[in-house]
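Every chain is numbered from 1, with letters handed out A, B, ... down the list of sequences.
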2 protein chains.
Amino acid sequence: MGHKGTETRERILDASEKLIESGGYFNAGLNQVIAVSGAPRGSLYFHFPEGKDQIVGESLRRAGATIGGVLEGLADSGGSAAEFVEAVIAHLGDRLEESGWARGCPVATVALEMAAVNDDLQQACSDVYTAWTAALASRLDGRLDADDLAVTLLALIEGGLVLAKAHRSREPLERVGRQVATLLP
Amino acid sequence: MGHKGTETRERILDASEKLIESGGYFNAGLNQVIAVSGAPRGSLYFHFPEGKDQIVGESLRRAGATIGGVLEGLADSGGSAAEFVEAVIAHLGDRLEESGWARGCPVATVALEMAAVNDDLQQACSDVYTAWTAALASRLDGRLDADDLAVTLLALIEGGLVLAKAHRSREPLERVGRQVATLLP
DNA sequence: TGAAATATGTAGACCAGTCTATAGGGAGCT
DNA sequence: AGCTCCCTATAGACTGGTCTACATATTTCA
């Protein structure tokens with residue numbers, strides 16, 4: 001695949017990722033993906049012959065890797081475990097607020113919409129969450145209940161993002177952030 | 001409005017509520033609502049002249065009241081605050097598992113899909129979450145940080161439901177449940 | 001020249017919403 | 001009582017638009 005080809009492919013995934021973050025699977029209509037990415041309709045099926053679900057699946061896994069990288073970056077920047085989690089929450093809150101309360105967690109939306117009926121997308125969501133949980137747990141290494149804690153912190157973050165989007169406010173994230181210290185003494 | 005009329009109206013809301021719980025706003029297509037409820041298309045626009053968004057909004061508020069009632073029922077059944085929260089988690093986990101990992105929180109899905117672009121539905125989601133938060137906070141009355149705790153517990157529950165649906169497993173809810181005691185000593 | 005990639009058009013299903021027609025049942029009148 | 005009138009509610013065909021997917025050129029580059 002030539003240079004221009006991979007570039008188009010990336011632009012398609014970028015557009016799809018952004019649309020999914022903003023409103024989930026059904027917000028990422030192919031016409032919208034075409035409009036946002038500027039890619040022609042034909043290129044879409046050239047690069048993703050399995051169609052929409054392939055685009056969504058790859059977008060999810062790529063977004064998962066991106067945010068996973070952010071987690072590892074913040075984990076390496078020192079500070080206590082609670083400070084690390086609060087930094088993650090602040091980062092995701094920035095993203096959400098700066099986008100006008102649009103860009104939340106892409107995985108959560110697709111999971112709630114599709115996990116019950118689409119095995120491939122359910123697997124993609126599950127895999128991304130597993131990777132994030134592992135990243136959190138490794139930052140908490142040494143604690144007896146690191147696995148339970150990692151899942152709990154991920155639930156807290158995902159739930160906080162849901163509430164923040166629903167209220168269009170950082171307040172839920174701030175309240176959650178204040179309680180993290182209780183979980184991570 | 002006669003008896004038969006209200007019955008049809010309720011059946012429409014029941015169907016819509018179930019479809020929203022399973023897959024959100026776009027899973028509650030009017031054709032699906034018609035098929036599940038058995039109501040004819042004309043009745044749908046007779047009872048809900050503002051169309052789909054009115055049906056979804058009323059479904060959300062009704063579902064919010066139903067689950068709010070469950071919260072208050074469990075709050076009145078004695079036990080510690082942690083036991084209360086664990087009972088709530090167990091109840092929602094039952095609902096999710098018994099439906100084949102379909103019936104999660106209706107509010108979360110619609111919030112993630114629509115809150116950024118639809119003011120009415122965003123308000124409905126926000127109102128329901130506010131009511132649930134108040135119910136949780138009143139059960140925690142007497143604690144200094146009852147408001148922060150209530151939001152945190154709601155985020156934990158919502159996030160736990162997202163993870164459970166994504167993994168098609170109770171495990172995330174169980175891990176979260178085990179950590180609740182740390183938050184509510 | 002040949003493959004890779006782009007560009008465009010279109011098929012067929014599904015979507016929300018509108019329209020007209022009509023069944024049913026109670027209120028009011030004779 | 002028997003009759004008409006009217007409102008509630010049901011019923012389903014129909015419209016314009018959007019969706020994903022596919023088919024068929026055309027361009028671009030090695």
Next item on the list: Mind checking Gly42(B) for me? I need base, sugar-phosphate or nothing, with any heavy atom below 4.0 Å counting as a touch.
Entry: base

Note to self: Using whole Å, what does the distance between atom P of nucleotide dC19(D) and atom CG of Leu19(A) come to?
What the structure shows: 11 Å

Checklist line | Atom pair distance, as rounded to whole Å: CD1 in Ile34(B) and P in dC15(C) | finding: 10 Å

Notebook entry, point to check: Closer than 4.0 Å, any side-chain N/O of Asn31(B) to the OP1 or OP2 of dC14(C)?
Noted result: no

Item checked: Nearest-angstrom distance from the residue atom CG of Asp53(A) to P of dT20(D) -> 10 Å

Check: Do NZ/NE/NH1/NH2 and the carboxylate oxygens of Arg11(B) and Glu7(B) come within less than 4.0 Å?
Finding: no

Next item on the list: In whole angstrom, give the distance that lies between atom CZ of Arg9(B) and atom P of dT10(D).
Entry: 11 Å

Notebook entry, point to check: Which atom pair, heavy atoms only, marks the closest approach of Pro49(A) to Gln54(A)?
Noted result: N-OE1, 3.3 Å

Check: Does OP1 or OP2 of dT10(D) have a side-chain N or O of His47(B) closer than 4.0 Å?
Finding: yes

Notebook entry, point to check: Is there a chain of hydrophobic side chains (I, L, V, M, F, W, Y, each step under 4.5 Å between heavy atoms) that links Val70(B) to Leu60(B)?
Noted result: yes

Notebook entry, point to check: Closest approach of Ala115(B) and Lys165(A), non-hydrogen atoms and distance?
Noted result: CB-O, 3.6 Å

Checklist line | Protein-nucleotide distance (Phe46(A), atom CZ; dA4(C), atom P), rounded to Å | finding: 7 Å

Margin query: What is the distance, to the nearest angstrom, from the CZ atom on Phe48(B) to the P atom on dT18(C)?
Written below: 16 Å

Notebook entry, point to check: To the nearest Å, how far apart are Tyr45(A) OH and dT24(D) C1'?
Noted result: 16 Å

Next item on the list: Mind calculating the distance between CG (Leu44(A)) and P (dT10(C)) to the nearest angstrom?
Entry: 19 Å

Item checked: Phosphate-side-chain proximity, Thr8(B) and dA9(D), N/O vs OP1/OP2 below 4.0 Å -> no

